[in-house]
Amino acid sequence: MTSPKTHPGNFFEDFRLGQEIVHATPRTVTEGDVAAYLALFGARFAYTSSSPFAQAIGFARAPVDPLLAFHLVFGKSVPDISLNAIANLGYADGRFGAAVYPGDTLRTRSVVLGLKPNTDGRTGVVYVRSTGENQGGAMVVEYTRWVMVRRRDAASTPPDATFVPQLPAVVPAASIVPPVVGVPASWDPLDSGSAFSWEDYAPGERIDHADGLTIEESDHMSAARLFQNTAKVHFNLHAERDGRFGRRIVYGGHIVSMARALSFNGLANSIGPVALHGGRHANPSFAGDTIYAWSEIIDRAPLPDRDDFGTLRVRTVATKDRPCADFPLHDASGKYDPAVVLDIDYSVLVPRRATMRPTRR
Amino acid sequence: MTSPKTHPGNFFEDFRLGQEIVHATPRTVTEGDVAAYLALFGARFAYTSSSPFAQAIGFARAPVDPLLAFHLVFGKSVPDISLNAIANLGYADGRFGAAVYPGDTLRTRSVVLGLKPNTDGRTGVVYVRSTGENQGGAMVVEYTRWVMVRRRDAASTPPDATFVPQLPAVVPAASIVPPVVGVPASWDPLDSGSAFSWEDYAPGERIDHADGLTIEESDHMSAARLFQNTAKVHFNLHAERDGRFGRRIVYGGHIVSMARALSFNGLANSIGPVALHGGRHANPSFAGDTIYAWSEIIDRAPLPDRDDFGTLRVRTVATKDRPCADFPLHDASGKYDPAVVLDIDYSVLVPRRATMRPTRR
Amino acid sequence: MTSPKTHPGNFFEDFRLGQEIVHATPRTVTEGDVAAYLALFGARFAYTSSSPFAQAIGFARAPVDPLLAFHLVFGKSVPDISLNAIANLGYADGRFGAAVYPGDTLRTRSVVLGLKPNTDGRTGVVYVRSTGENQGGAMVVEYTRWVMVRRRDAASTPPDATFVPQLPAVVPAASIVPPVVGVPASWDPLDSGSAFSWEDYAPGERIDHADGLTIEESDHMSAARLFQNTAKVHFNLHAERDGRFGRRIVYGGHIVSMARALSFNGLANSIGPVALHGGRHANPSFAGDTIYAWSEIIDRAPLPDRDDFGTLRVRTVATKDRPCADFPLHDASGKYDPAVVLDIDYSVLVPRRATMRPTRR
């Protein structure tokens with residue numbers, strides 16, 4: 001007697017335009033998760049590392065890294081959205097809301113925004129908007145992603161008309177909500193590791209983040225398990241030996257967190273991301289790859305109603321086995337350089353010069 | 001001047017029938033342990049993941065996974081019982097008592113229930129009953145295991161007469177204590193990831209848990225260290241290169257936790273284990289192995305005095321490098337299929353249909 | 001437009017005698033860090049494992065392992081002191097102060113004590129004294145280390161006259177501060193795993209710690225990330241393939257923590273270190289190495305003003321792929337045996353016989 005209780009994940013035909021999906025497994029975030037995340041990525045941003053530092057700029061205590069919150073929210077959507085996915089194609093319109101603190105419990109729900117069958121007859125693109133909320137119902141992070149999903153049956157007719165949603169190229173400045181509420185913020189550059197303020201960054205400026213960090217199988221699998229992300233391609237060597245790449249594929253979000261941690265060297269005084277305008281996993285990454293990163297400042301804007309922080313819009317590019325002193329991006333044909341694995345466009349907060357107050361100790 | 005202070009572990013001759021051993025290193029469990037355990041196994045059961053969910057079914061907050069408690073209790077017994085063991089042969093009569101919460105401190109003591117010298121003259125079987133207690137003296141988990149232990153000296157005469165204890169094949173239903181105390185329990189199937197209630201499972205039903213998870217050296221050693229399990233065979237490549245298998249052996253309990261995490265896909269609405277009737281490590285596992293699992297429902301029983309949950313008795317079989325769609329177990333000769341690494345028989349609680357209450361959000 | 005914002009680390013020419021450096025990224029230590037550290041090293045000392053045990057000997061609760069505090073303090077100094085280092089040459093005059101508890105926030109500052117250009121014209125030795133403090137300004141650990149640092153420019157003239165500081169061979173007994181304050185301490189040997197008291201150890205006694213523990217790449221990188229130690233040689237396979245050893249080098253402090261964890265087997269009743277008299281990384285370690293350790297009791301002294309604990313001065317030697325039953329140290333020429341990777345000289349507290357009080361349970 002074989003049970004039908006195993007959840008096979010959804011295929012392209014299973015999605016409906018406008019469909020709302022409540023994802024399983026709410027997650028109470030703890031200091032343990034924060035430490036596990038730190039051991040995985042090693043970020044040194046002072047505001048997520050030190051509660052006194054965080055309090056001096058208006059947090060209740062050191063908040064959870066917004067990318068950890070993103071990964072937890074994302075992970076919940078995998079069993080319903082992308083268990084049968086071939087690739088995450090892109091991200092848009094990502095907004096970060098309430099700061100997450102240890103003790104908060106996160107939930108995720110998604111709405112299907114668009115559906116587009118591919119002409120190969122075997123796959124389609126699903127556009128979903130996922131929203132993560134805390135125990136009080138406050139939005140923590142919401143974003144749109146589109147993902148290529150297998151069809152169960154190539155002969156079936158997908159039930160929905162093709163619909164590709166219009167997605168904003170940039171999250172409007174007015175909808176960027178600073179997670180810090182304290183006035184007046186006081187930012188000690190000796191503690192944060194950098195004296196560069198918001199005024200010191202200029203659009204067009206490029207920063208080589210210099211360091212490289214090698215991925216191990218245990219690391220990317222531990223991260224995905226911590227995020228309760230169950231996508232099969234990350235975990236199963238036995239099956240992936242016969243898969244597209246002959247080995248396990250690293251969760252794309254792992255590279256995002258690596259790039260953010262590497263970006264400390266040049267962007268030490270940044271809080272965020274506070275918005276995710278767009279993102280592409282240009283190429284897959286595997287254990288053994290060494291990840292490097294560089295960034296370009298795209299734009300600089302004051303925050304409406306606040307003069308202690310400004311926003312920087314940043315493009316960060318990560319590569320594998322390729323240092324970034326010459327800022328690799330495209331090859332001669334305009335395609336991504338094969339070494340490029342990530343290209344993301346996001347905003348961070350940076351303290352303004354007047355907010356910098358070295359504390360004598 | 002060489003010191004006799006190094007603890008060599010006990011050999012078969014060192015055990016006495018009825019001997020009681022108080023094991024070292026009490027352990028205060030924390031949210032950090034919970035996160036480390038999650039990063040190692042990735043379980044998605046809502047009641048250990050979310051404090052609000054746990055509270056809605058009667059826990060004070062999200063409890064520690066009962067298998068994490070089991071491993072911590074077990075680990076303490078290793079230096080005294082199984083440092084010189086060749087193999088854990090089996091488990092019986094395992095009972096889980098008080099729920100464990102972060103902040104609790106666990107201790108373990110054991111009683112020698114049986115001794116049987118093997119005819120090879122070099123080993124013997126030791127039967128011990130180990131009991132884990134919290135700081136208030138409440139039983140957290142107790143179980144009998146038997147283990148093949150080396151003799152120090154093949155020429156010695158073991159001092160005890162052979163005694164093999166009678167062990168129950170099944171923990172009696174009356175001694176299964178539900179760890180949840182709240183009335184009335186409310187179980188949200190959208191949060192838990194499954195709408196299957198206790199009534200939906202039938203004896204004889206078989207579930208393929210579908211997913212596979214590959215073991216890394218770093219993962220199984222990190223787990224054993226977290227459990228303060230010091231068995232040499234897990235940690236020492238230099239010595240094991242010349243050992244039985246030429247490499248480190250994965251702690252058998254690691255496979256138990258993997259199988260339990262994999263069983264979410266089909267048994268998402270289970271709490272437990274609440275009893276461990278029996279268990280065998282059918283074959284050793286090594287780094288690089290991909291673990292799969294399947295389960296059979298052995299029995300279904302209401303809980304005396306409670307109508308919100310019922311028990312399922314489940315047999316879960318784990319394999320290596322072998323998917324479980326056809327439920328592998330024995331070969332033609334009736335021996336374990338060489339791919340089978342674990343065969344455990346345990347009980348879980350599952351909410352009854354009337355306990356399922358989707359929460360509108 | 002290339003940015004000068006990337007921090008290249010300091011080179012030998014950048015240091016000045018007497019220079020004070022405040023290091024970045026204060027760090028709030030949590031129970032998560034404690035669990036991550038335990039999963040990495042697996043120590044079983046009861047006082048860091050159990051809050052009730054710690055309280056019975058005078059701690060407020062289970063303190064953070066003093067070596068975890070050391071690594072966190074050390075890690076902060078790396079970007080400023082040793083990012084361009086070739087090797088950590090030695091440690092001296094290390095003192096441990098206030099016990100660290102989860103919730104404390106650690107900061108580090110350093111003073112340049114000495115500078116000595118090497119005759120190769122490409123490197124120099126920098127002597128720094130680093131001090132870690134908690135949020136209240138209390139000293140947690142302070143130590144002197146000297147490190148070989150690259151010069152930016154072999155043609156440059158280092159600006160400071162050579163100055164090599166005089167360093168004490170031993171931390172004076174009077175400046176050893178016991179971290180425990182409770183009176184009267186009660187130490188349960190059944191919980192701690194050993195009945196050996198301070199009186200049972202004698203100078204000259206040698207202890208083989210017996211066990212071996214193999215290093216994985218994921219483990220040593222996770223540890224260094226947890227410590228926010230950014231030294232490039234630990235993390236970047238792509239660059240190190242062309243480096244001195246063709247592979248990543250394990251953080252020397254990783255071996256210190258492994259040796260301390262291994263030393264439980266023979267020194268189970270020790271608290272500490274409470275002083276670090278000296279230390280050398282005799283040879284580098286790499287993933288795949290199996291670490292063993294042995295210790296010699298150098299000295300035994302009562303504590304001034306306390307009769308519940310005494311100090312032992314201990315030399316611990318760690319080796320790779322070489323068991324320590326014959327206490328390897330030097331080869332025939334008086335140089336370190338090539339298997340020796342660590343040689344440290346430190347003090348621990350051990351309970352005196354009268355402090356041992358088995359608790360009936």
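- To the nearest 0.5 angstrom, A:Y37 atom OH is 11.5 Å from C:R225 atom CZ.
- Checked by atom type and distance alone, the side chain of A:N265 pairs as donor or acceptor with a backbone atom of C:H7 at under 3.5 Å.
- Of the inter-residue distances, the one linking C:S222 atom OG with A:L38 atom CG reads 10.0 Å to the nearest 0.5 angstrom.
- Side-chain atoms of A:R61 and C:T28, non-hydrogen and from C-beta on, never get closer than 4.5 Å to each other.
- Side-chain contact check for C:N236 versus A:D211: every heavy-atom pair is 4.5 Å or farther apart.
- Although no hydrogens or angles enter the test, the distance criterion places a donor-acceptor pair under 3.5 Å between the side chain of A:S49 and the main chain of C:P26.
- Distance CG/A:D191 to NE2/C:H23: 12.0 Å, rounded to 0.5 Å.
- Among the residues in residues 290-300 of chain A, those with a non-hydrogen atom closer than 4.5 angstrom to a non-hydrogen atom of chain C are A:T290, A:Y292.
- For A:F41, the part lying near chain C is the backbone, with the side chain staying farther off; criterion is any non-hydrogen pair under 4.5 Å.
- For C:P102, no part sits under 4.5 Å from any heavy atom of chain A, backbone or side chain.
- Contacts of A:R322 with chain C are made by backbone atoms alone, with heavy-atom separations under 4.5 Å and no side-chain atom involved.
- Chain C forms the most heavy-atom pairs under 4.5 Å with one residue out of A:D33, A:L40, A:T30, and that residue is A:L40.
- Within 6.0 Å of CZ in C:R122 there are 12 or fewer heavy atoms belonging to other residues, nucleotides or ligands.
- Panel note: side chain C:T25, backbone A:R44; a donor-acceptor pair is recorded below 3.5 Å.
- No other option in A:A210, A:G193, A:G212, A:G266 has as many heavy-atom pairs under 4.5 Å with chain C as A:G212.
- Remark: side-chain polar atoms of C:T105 are not paired, donor with acceptor, to backbone N or O of A:S50 under 3.5 angstrom.
- Of the atoms belonging to A:A43, it is backbone heavy atoms, and not side-chain ones, that fall under 4.5 Å from chain C.
- With hydrogens and angles ignored, the 3.5 Å screen pairs a side-chain donor or acceptor of A:T214 with a backbone N or O of C:L237.
- In this structure, no portion of C:A35 lies under 4.5 Å from any heavy atom of chain A.
- The shortest distance between side-chain heavy atoms of A:P323 and C:H238 falls below 4.5 Å.
- Under 4.0 Å is where a charged nitrogen must lie from a carboxylate oxygen, and between A:D321 and C:R241 no such pair does.
- Note: C:M221 leads C:E31, C:M221, C:E216 in heavy-atom pairs under 4.5 Å with chain A.
- For the atom pair CG (A:L190) and CZ (C:R109), the distance works out to 12.5 Å, reported to the nearest 0.5 Å.
- Taking chain C as the reference chain and counting heavy-atom pairs below 4.5 Å, the highest number among A:G32, A:S51, A:A46 is found for A:S51.
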